[in-house]
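Within every chain, numbering begins at 1; the chains are lettered A, B, ... in the order of the sequence lines, protein sequences first and strands thereafter. All values below were derived from every heavy atom in this structure, side-chain atoms included, with hydrogens, water molecules and symmetry-related copies excluded.
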There are 2 protein chains.
Amino acid sequence: MATRVARTRLRLRKIPRQQRSAHMVETIVEAAARILETRGLAGFNTNAVAERAGVSIGSLYQYFPSKEALIAALSDRERKRLVAGIAETYRQAAAPDLVSALRPLVRAAIRQQLARPALARALDFEEQRLVLNEADRRTTQDIAGVVMALLGRHRRQVAVHDLEEAALDLIAIARALIDGAASRGHVEPAGLESRIMRAVLGYLTGRANVAA
Amino acid sequence: MATRVARTRLRLRKIPRQQRSAHMVETIVEAAARILETRGLAGFNTNAVAERAGVSIGSLYQYFPSKEALIAALSDRERKRLVAGIAETYRQAAAPDLVSALRPLVRAAIRQQLARPALARALDFEEQRLVLNEADRRTTQDIAGVVMALLGRHRRQVAVHDLEEAALDLIAIARALIDGAASRGHVEPAGLESRIMRAVLGYLTGRANVAA
DNA sequence: ACCTGAACACCGTTCAAGT
DNA sequence: ACCTGAACACCGTTCAAGT
């Protein structure tokens with residue numbers, strides 16, 4: 001039942017050592033981003049990416065062992081930006097209380113996602129299909145780590161026990177609402193931020209009323 | 001930027017009139033469900049579905065104009081079950097207050113999604129890729145309609161203005177948390193229900209704290 | 001009318017030949 | 001060493017031939 005994915009199918013075939021080849025990898029990844037944004041997933045094919053990047057299809061496969069590896073690399077790049085933004089935001093925030101600690105993170109996530117919305121949405125779907133590779137999983141864990149640290153710091157204000165589960169759930173909520181807003185074309189960051197904050201705070205502090 | 005999808009590419013090519021052909025369509029759709037569940041999206045191809053259903057590939061295409069139409073039909077079937085379950089639950093609920101009105105809906109959604117979890121998750125992704133066809137969109141609107149009715153009835157207890165936006169957001173939250181739990185293999189309905197309820201109630205009743 | 005499956009087109013991927 | 005692109009394999013889809 002588990003979808004098996006050979007690790008190597010998603011990694012770079014070799015690490016580019018020279019500046020020229022590093023640049024080539026970057027060019028291919030950015031070409032992939034452009035194709036994904038302009039033609040969507042249906043129009044995304046390796047030959048188109050190679051052509052857009054101005055390299056032969058063979059050269060593309062010299063670095064990327066599969067189409068999925070190409071998407072994984074693109075996904076890595078975008079997620080690294082997200083993690084960097086969130087970690088940096090967290091470091092800078094004074095964070096006197098839970099609400100003001102969470103809000104900047106929500107904002108950072110919204111900003112990142114809406115910078116290139118079509119790309120972000122397409123990647124969110126694709127990533128789940130790929131049964132994320134190690135690096136992607138690590139990145140999600142990195143973000144979850146920041147959120148867990150934040151929750152730990154404000155532990156007295158939260159009513160949840162499993163901090164990891166909570167962190168993953170909160171990330172899922174934020175992503176779902178951001179993607180939904182983007183897909184409806186209603187992108188009004190302040191309102192979106194408020195809706196995410198309410199759901200997140202409800203999750204963290206609400207009374208469960210578990211009994212039926 | 002908008003992905004154009006010809007309506008006809010997602011609909012049945014013709015409505016089966018005889019019992020035999022209706023049965024054939026049903027057999028094909030169930031074969032599609034089985035293939036999707038057992039081999040995943042990567043292993044899902046039309047030839048495999050036709051073979052599993054015991055019909056020729058040509059016969060499959062006599063009813064389904066494309067692979068996407070096949071997924072759309074499967075998606076329709078599952079969503080109709082979901083809508084029926086939710087509408088029925090709503091009709092039966094006494095609903096003295098917001099919390100006890102929402103809880104049965106959350107339960108119905110969890111039950112449906114976890115009945116065939118691999119299928120439900122695969123469909124959630126695919127549906128978004130397809131830029132949902134009319135029927136799918138209508139189905140989502142149907143569920144949103146039920147949720148909006150519920151919110152309208154308890155309007156005094158909710159702090160949101162845009163009931164449609166709220167309904168769509170709440171559905172997105174529930175789906176994200178259910179899919180996440182299923183993908184992690186942590187499926188413990190009572191806990192999941194509580195987490196969804198807290199997020200949903202926070203969204204509906206929480207103070208926004210909109211000012212930065 | 002409906003069914004069949006060989007055949008076509010497209011795209012992911014490889015590899016022999018070239019530099 | 002690295003690049004090229006023709007060629008192969010797989011799969012979505014069609015359509016001429018059969019019943």
Side-chain angles (χ1 to χ4, degrees), chain A residues 3 5-29 31-32 35-36 38-74 126 129-130, chain B residues 5-29 31-32 35-36 38-74 122 126 129-130:
Chain A
T3 308
V5 178
R7 252 176 226 80
T8 50
R9 284 214 60 198
L10 292 177
R11 286 196 208 283
L12 275 184
R13 217 189 274 277
K14 58 184 172 186
I15 291 98
R17 304 199 178 280
Q18 313 210 20
Q19 219 179 12
R20 196 163 49 109
S21 49
H23 180 253
M24 182 172 179
V25 166
E26 211 181 292
T27 304
I28 294 173
V29 170
I35 298 278
L36 201 52
T38 54
R39 306 190 201 173
L41 280 166
F44 184 86
N45 69 61
T46 54
N47 289 285
V49 171
E51 190 183 0
R52 180 70 133 100
V55 304
S56 74
I57 183 66
S59 292
L60 187 155
Y61 273 92
Q62 197 171 350
Y63 290 98
F64 300 95
S66 68
K67 176 180 176 175
E68 293 185 350
L70 186 51
I71 294 176
L74 174 55
E126 277 310 288
R129 281 186 64 186
L130 293 182
Chain B
V5 178
R7 251 175 228 77
T8 49
R9 284 215 60 198
L10 291 178
R11 286 196 210 285
L12 275 184
R13 217 189 276 277
K14 57 182 171 186
I15 290 97
R17 303 200 180 282
Q18 312 210 21
Q19 220 179 11
R20 195 163 50 107
S21 48
H23 180 254
M24 182 173 178
V25 166
E26 211 181 292
T27 304
I28 294 172
V29 169
I35 299 277
L36 202 51
T38 54
R39 304 189 202 175
L41 281 165
F44 184 87
N45 70 62
T46 53
N47 289 285
V49 172
E51 191 183 358
R52 180 70 134 101
V55 303
S56 75
I57 183 66
S59 292
L60 187 154
Y61 274 90
Q62 196 171 350
Y63 291 98
F64 299 95
S66 68
K67 176 180 175 173
E68 293 186 348
L70 187 50
I71 294 176
L74 175 55
E126 278 311 287
R129 279 187 66 186
L130 293 182

Rounded interatomic separation in angstrom, taking [atom1] from [X] and [atom2] from [N]:
X	N	atom1	atom2	result
Asn45(A)	dC11(D)	CG	P	17 Å
Arg39(B)	dC10(D)	CZ	C1'	14 Å
Asn47(B)	dC11(D)	CG	C1'	6 Å
Tyr61(B)	dC8(C)	OH	P	17 Å
Lys67(A)	dC11(D)	NZ	P	14 Å
Leu60(A)	dC11(C)	CG	C1'	13 Å
Ile35(A)	dG12(C)	CD1	C1'	15 Å

Report summary line: Side-chain atoms of Thr46(A) come closest, of dT13(C), dC11(D), dT14(D), to dT13(C)
Every protein N/O lying under 3.5 Å from an N/O of nucleotides 16-19 of chain D:
none

Just the atom pairs and distances: protein N or O near nucleotides 1-5 of chain D's N or O, under 3.5 Å.
| from | atom 1 | to | atom 2 | distance (Å) |
| --- | --- | --- | --- | --- |
| dC2(D) | OP2 | Lys14(A) | NZ | 3.4 |
| dC3(D) | OP2 | Gln62(A) | OE1 | 2.7 |
| dT4(D) | OP2 | Ser56(A) | N | 3.2 |
| dT4(D) | OP2 | Ser56(A) | OG | 2.8 |
| dT4(D) | OP2 | Ser59(A) | OG | 2.8 |

Query raised in the report: Could you give the distance from CG (Leu70(A)) to OG1 (Thr46(A)), rounded to the nearest 0.5 Å?
Result: 8.0 Å
Query raised in the report: Under 4.0 angstrom, heavy atoms only, what part of the nucleic acid is Phe64(B) near: base, sugar-phosphate, or nothing?
Result: nothing
Report summary line: Writing each nucleotide of DNA chain C 5' to 3' as (, ), [, ], | or . by Watson-Crick or G-U pairing under 3.5 Å yields ||.|||||...|||||.||
